[in-house]
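Below is one structure, written out as structure tokens, with a few remarks after it.
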Amino acid sequence: MNMSIRSIPEYRYPYGWFQIGWSHDLQPGEVKALKYFGEDLVLWRGESGKTFLQDAFCLHIGAHRGIQGSVVGEDLQCPVHGWLWNGEGRNVHIPFSRVDCLAGLQARTYPVVEWYGMIMAWWHWDAVEPPFELPEMPELETNEWYPMHPHSSVVHRIKAHPQNVVENVCDPFHIPFVHGAKEPPRVERLDLQADGFDAELVIPYGAGKKSTRLTPDGPVDAHVKLHNYCLALGTLRWEFPYPTLQISSMTPVDEEHLDYFFQQTSKRVPGTEGDEPVGMALEMLKLQQAVIQQDFFLWVHMKNLSAPAFAPEEAENYTAFREWAWHFYPEENH
Ligand code: FES
Ligand SMILES: [Fe+2]
């Protein structure tokens with residue numbers, strides 16, 4: 001069988017919802033300079049609490065409005081000549097001019113929502129509007145689970161292509177080598193859809209042993225459920241060894257780097273209060289925060305091959321996944 005397998009596109013900015021920060025890190029009246037999707041950006045929170053994200057450069061003579069810019073009401077004031085810009089990217093005031101503003105100017109504006117304490121931006125190279133909103137997460141609607149912030153969230157800036165990270169779902173055979181498991185998980189299901197994918201992994205715990213600390217009654221098959229929104233925003237749900245929801249975003253920064261945002265929540269340990277996980281919830285948090293870093297050396301040092309060679313056991317999922325993933329990139333890169 002000679003099946004041609006797509007390479008990972010050189011273009012690094014698939015469309016989708018991406019995390020760009022945490023709500024608690026941006027107070028009303030605060031302005032931040034960011035770099036994502038290969039663009040210089042300015043993020044600010046108006047006095048009312050609403051958040052705005054735009055291209056950074058002032059359409060007057062090009063100052064970076066995220067550097068020493070300030071908030072006036074809901075608007076952003078450029079630090080150099082004081083021009084005011086509203087949340088829609090319009091120039092609304094020029095302090096020194098007999099014309100009040102240049103109404104035709106329009107800075108590029110990105111859709112932003114705050115989602116359970118995460119600041120999420122929608123990116124599409126052609127500024128196509130988001131086809132869906134981010135959904136409710138039942139675990140985060142109740143006090144029976146820990147909040148994800150600030151104790152259970154972390155971001156790593158690493159050299160990687162977002163697709164490298166997400167392709168972990170096709171790659172059970174790295175798990176024994178990189179993560180030290182006795183056996184690889186089984187990919188039970190990989191359901192590729194228009195706006196994301198659903199998958200289920202079965203992870204054997206305590207295989208071949210009568211009893212272990214986590215499996216006192218013998219081996220357990222843990223079913224882990226994944227759902228990704230577009231390509232690079234993922235959720236992962238564990239029931240065993242402890243009920244846990246992880247949310248991660250592979251947010252592309254520039255031609256080399258991404259920000260790996262990671263946070264998780266676990267079911268509250270019965271009888272405990274407070275926002276800081278304890279007991280098994282804390283153990284799960286520490287373990288998962290360590291596990292995600294074990295993959296970094298691969299992505300940082302690897303080269304994406306134009307013609308990778310897959311073994312028969314992995315070829316089907318990789319082939320299907322790479323074929324599917326291409327629709328998140330611009331047509332001209334296909
Ligand atoms: S460069 Fe922004 S107001 Fe002049
Ligand atoms: Fe991994």
Side-chain angles (χ1 to χ4, degrees), residues 8 31 33 40-42 44 52 54-72 75-86 89-109 154 156 158-187 190 199-204 222 224 226 228 232 234-236 238 244 246 248-250 258 260-262 264 284 287-302 304 314 317-318 321:
I8 289 184
V31 181
D40 289 284
L41 303 169
V42 57
W44 80 92
F52 306 96
Q54 292 180 4
D55 277 352
F57 301 120
C58 181
L59 296 177
H60 177 211
I61 65 161
H64 192 307
R65 298 177 299 157
I67 311 291
Q68 299 183 38
S70 50
V71 171
V72 177
D75 300 338
L76 177 65
Q77 182 162 47
C78 180
V80 182
H81 310 92
W83 291 27
L84 275 184
W85 302 85
N86 72 10
R90 298 278 181 192
N91 172 228
V92 289
H93 186 56
I94 301 176
F96 54 82
S97 175
R98 65 185 165 78
V99 298
D100 190 36
C101 64
L102 294 179
L105 296 178
Q106 167 81 68
R108 181 167 177 189
T109 297
V154 67
H156 299 278
I158 54 170
K159 182 173 163 288
H161 190 298
Q163 193 168 325
N164 285 135
V165 184
V166 186
E167 282 191 357
N168 246 298
V169 70
C170 306
D171 187 9
F173 301 105
H174 83 286
I175 303 274
F177 289 94
V178 175
H179 303 296
K182 287 267 179 317
E183 284 181 33
R186 272 193 335 269
V187 183
L190 177 59
E200 191 166 334
L201 302 181
V202 179
I203 302 178
V224 177
L226 288 79
N228 270 44
T235 58
L236 203 142
W238 303 75
T244 295
Q246 301 172 339
S248 53
S249 173
M250 303 308 134
L258 59 78
Y260 188 145
F261 284 93
F262 178 85
Q264 74 179 43
M284 191 71 178
L287 177 69
Q288 295 302 317
Q289 285 191 338
V291 164
I292 62 165
Q293 296 183 56
Q294 291 166 353
D295 291 296
F296 290 176
F297 80 99
L298 165 66
W299 304 320
V300 166
H301 298 289
M302 76 182 291
N304 280 313
E314 52 185 1
N317 278 351
Y318 263 113
F321 188 92

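In each ligand, atom 1 is the first atom listed, and ligand 1 is the first ligand listed.
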Query raised in the report: Which distance, rounded to the nearest 0.5 Å, do you find between the CD1 of Ile94 and the CG of Asp100?
Result: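 With rounding to 0.5 Å, CD1 (Ile94) is 8.0 Å from CG (Asp100).
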
Query raised in the report: Is there a donor-acceptor pair under 3.5 Å between the side chain of Arg186 and the backbone N or O of Glu200?
Result: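 Side chain of Arg186 to backbone of Glu200: no pair is present.
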
Query raised in the report: With a 3.5 Å cut-off and no angle check, do the side chains of His174 and Asp295 form a donor-acceptor pair?
Result: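 Yes.
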
Can you list the ligand 1 atoms lying under 4.0 Å from a non-hydrogen atom of [X]?
| X | value |
| --- | --- |
| Trp83 | 3 (S) |
| Ile61 | 1 (S) |
| Cys58 | 1 (S), 2 (Fe), 3 (S) |
| Ala63 | 1 (S) |

**Report entry** Of the N, O or S atoms in His60, the one nearest atom 4 (Fe) of ligand 1
**Finding:**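 Per the distance ranking, His60 contributes ND1 as its closest N/O/S atom to atom 4 (Fe) of ligand 1.
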
Requested in this report: Could you grab the angle centred on the Fe ion (ligand 2), going from NE2 in His179 to NE2 in His174, to 10°?
Outcome: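 Reported to 10°, the angle equals 90°.
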
Query - N, O or S atom of Cys78 closer to atom 4 (Fe) of ligand 1 than 2.8 Å - result: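 No - counting backbone and side chain alike, Cys78 has no N, O or S atom under 2.8 Å.
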
Query raised in the report: Taking 2.8 Å as the cut-off, does an N/O/S atom of Asp295 lie below it from the Fe ion (ligand 2)?
Result: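 Yes.
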
Requested in this report: Indicate the ring-plane relationship of Tyr260 and Phe296, choosing parallel, tilted or perpendicular according to the 30° and 60° boundaries.
Outcome: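 Answer is tilted, since the angle falls between 30° and 60°.
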
Are [X] and [Y] close enough that some pair of their side-chain heavy atoms sits under 4.5 Å apart?
| X | Y | answer |
| --- | --- | --- |
| Thr244 | Gln288 | no |
| Gln106 | Arg90 | yes |
| Trp83 | Leu102 | yes |

Requested in this report: Specify side chain, backbone, both or neither for His81, according to which of its non-hydrogen atoms lie closer than 4.0 Å to ligand 1.
Outcome: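 Near ligand 1, His81 shows its backbone as well as its side chain.
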
